[in-house]
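Only heavy atoms go into these numbers, but all of them, side chains included; no hydrogens, no water, no symmetry mates.
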Amino acid sequence: MSQMKKINYSDLLGVAASGLCAIHCALTPLFFATRPVLESTLGHHHHGAGFWALLDYLFLVLSLVAVWYSARHTSHTGIKKVLWGAWIIFAIGLLSEPFHFHHGIWFMYAGSITLVVAHLYNHRYCKKS
């Protein structure tokens with residue numbers, strides 16, 4: 001029973017982290033587009049962009065923890081491969097950002113969406129087992 005709870009919580013963490021990451025990635029251009037307007041209206045606050053970028057690495061760590069626990073506790077080898085593959089694609093996209101890899105954002109989106117789907121599938125699979 002305790003193993004089942006770990007699986008459910010790690011998959012739910014994975015879905016939440018990956019989903020929030022996808023929302024974060026979608027809102028980033030809006031954040032940077034409105035930043036000059038907000039700074040001229042509210043004054044300069046230099047902590048905004050640093051905090052926003054820090055969220056990328058927070059999502060990377062949270063998704064790593066969720067993938068590690070889910071892959072460790074599932075008996076479905078295909079799910080393990082998909083979880084780790086999606087996380088690697090997500091990490092490549094995120095970590096290539098400072099190098100201005102033009103397609104990195106698509107790697108992040110693809111990895112994040114695949115992580116959401118894989119965690120949901122694994123959560124459902126573990127409930128049936």
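Here the CG atom belonging to L120 is positioned 11.0 Å from the CG atom belonging to L115, to the nearest 0.5 angstrom. Note that the CD1 atom of I113 and the CE atom of M108 stand 12.0 Å from one another [nearest 0.5 Å]. Between atom CD1 of residue I79 and atom CG of residue N122 there is a gap of 5.0 Å, rounded to the nearest 0.5 Å.
Residues that satisfy the side chain to side chain contact (heavy atoms under 4.5 Å, CB included) test with V65, not counting sequence neighbours, are L13, Y69.
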Sequence neighbours left out, cut at 3.5 Å: what donor-acceptor pairs do the side chains of residues 89-107 make with other protein atoms?
unit_1	atom_1	unit_2	atom_2	d
S96	OG	I92	O	2.9
S96	OG	G93	O	3.0

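Counting all heavy atoms, side chain and backbone alike, V82 lies closest to A118 at CG1-CB, 3.8 Å.
Linking Ile, Leu, Val, Met, Phe, Trp and Tyr whenever their side-chain heavy atoms come within less than 4.5 Å leaves V61 and Y57 in two separate clusters. Under the 4.5 Å side-chain heavy-atom criterion for ILVMFWY residues, a single connected hydrophobic cluster contains both I88 and Y109.
Residues S75 and Y125 are in side-chain contact: their nearest non-hydrogen atoms beyond the backbone lie under 4.5 Å apart.
Pairs passing the side chain to side chain donor-acceptor pair (under 3.5 Å) check and including a residue from residues 79-94, sequence neighbours excluded, read S63-W87.
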